[in-house]
Amino acid sequence: MKMRSKVETFSDKYPFIGPGMWILSLQYFAVQIVVASHWTYSYSILKNTISDLGNTNCGIYSGRYVCSPLHNLMNASFIILGLFMAMGALLIYQEFKETKLALTGFSFMLLAGIGTALVGVFPENTISILHIIGAFLPFFIGNLGIVILGYALNVPKSLRIFTLFVGIITLMALALFYAHSYFGIGIGGMERITAYPQTLWLIVFGLYISKNHFQKLRPE
């Protein structure tokens with residue numbers, strides 16, 4: 001109870017930190033561009049997975065050639081994104097505590113953040129089971145959490161529709177990804193449809209919350 005009170009007090013005192021963390025998820029996209037540009041051979045967004053950017057070895061991995069000189073930067077980005085997802089969920093939840101459904105949705109996003117950090121701590125070529133578990137949490141639990149939040153939160157209709165759209169599309173893409181049905185866009189393309197909308201949603205939702213806080217600061 002005391003811990004919950006401290007989190008709520010911190011969120012009230014520093015209302016921009018939670019949404020700010022989600023907005024800074026933008027670094028995830030920027031780092032991928034930088035890391036991919038330094039590959040020894042051309043990196044393909046269709047043929048290579050996102051995790052290939054964090055692979056610590058050079059050679060054939062799962063039938064794909066990987067060699068990512070800046071793998072440490074990519075893995076740091078995974079960890080930072082995970083921390084921002086988890087901490088942001090914890091802080092932003094303090095503004096939406098009306099229902100247990102909202103608690104479930106934000107809890108799922110917190111778990112997704114922990115999983116994303118695991119992806120960075122355990123690259124795909126190290127302890128693969130922990131990497132797979134780490135990826136499963138944002139891919140399934142996180143995207144399911146977005147669907148739940150789309151139903152649970154009292155937000156503008158346009159944001160609610162966007163939230164539900166993101167959650168449903170990513171879960172459908174995840175099912176196709178695990179079924180190895182790539183429809184001509186490759187393993188990397190299908191994975192990105194599973195992963196990228198979630199990060200985009202974090203940024204959009206963070207901007208929405210920040211805008212509300214700025215409006216509250218305006219003098220009447």
May I ask you to test the [X]-[Y] pair for a side-chain heavy-atom distance under 4.5 Å?
X: V119; Y: S51; answer: yes
X: D52; Y: S68; answer: no
X: P19; Y: L207; answer: no
X: Y208; Y: P156; answer: yes
X: E191; Y: I50; answer: yes

To the nearest 0.5 Å, tell me how far [X] [atom1] sits from [Y] [atom2].
X: F106; Y: I92; atom1: CZ; atom2: CD1; result: 6.0 Å
X: M21; Y: L90; atom1: CE; atom2: CG; result: 9.5 Å
X: L144; Y: F108; atom1: CG; atom2: CZ; result: 5.5 Å
X: M109; Y: F205; atom1: CE; atom2: CZ; result: 10.0 Å
X: W22; Y: L91; atom1: CH2; atom2: CG; result: 10.0 Å
X: L110; Y: L103; atom1: CG; atom2: CG; result: 10.5 Å

Which atom pair, heavy atoms only, marks the closest approach of [X] to [Y]?
X: V147; Y: I168; answer: CG2-N, 3.9 Å
X: I209; Y: E95; answer: CG2-OE2, 3.7 Å
X: L101; Y: I148; answer: O-CG2, 3.3 Å

Side-chain donor/acceptor of [X] to backbone N/O of [Y], under 3.5 Å:
X: S181; Y: F177; answer: no
X: H131; Y: F122; answer: yes
X: R192; Y: G188; answer: yes
X: S128; Y: E124; answer: no
X: Q198; Y: T194; answer: no
X: N75; Y: G54; answer: yes
X: N125; Y: N55; answer: no
X: R64; Y: N48; answer: no

Do [X] and [Y] belong together in a cluster built from hydrophobic side chains that touch within less than 4.5 Å?
X: I79; Y: L202; result: no
X: Y61; Y: L130; result: no
X: Y28; Y: L83; result: no
X: F139; Y: V121; result: no

Q32 and S77: side chain donor to acceptor below 3.5 Å = no
Greater than 12 external heavy atoms within 6.0 Å of Y178's OH = yes
For this output row, return yes or no: ring centroids of F29 and Y196 closer than 6.0 angstrom.
-> yes
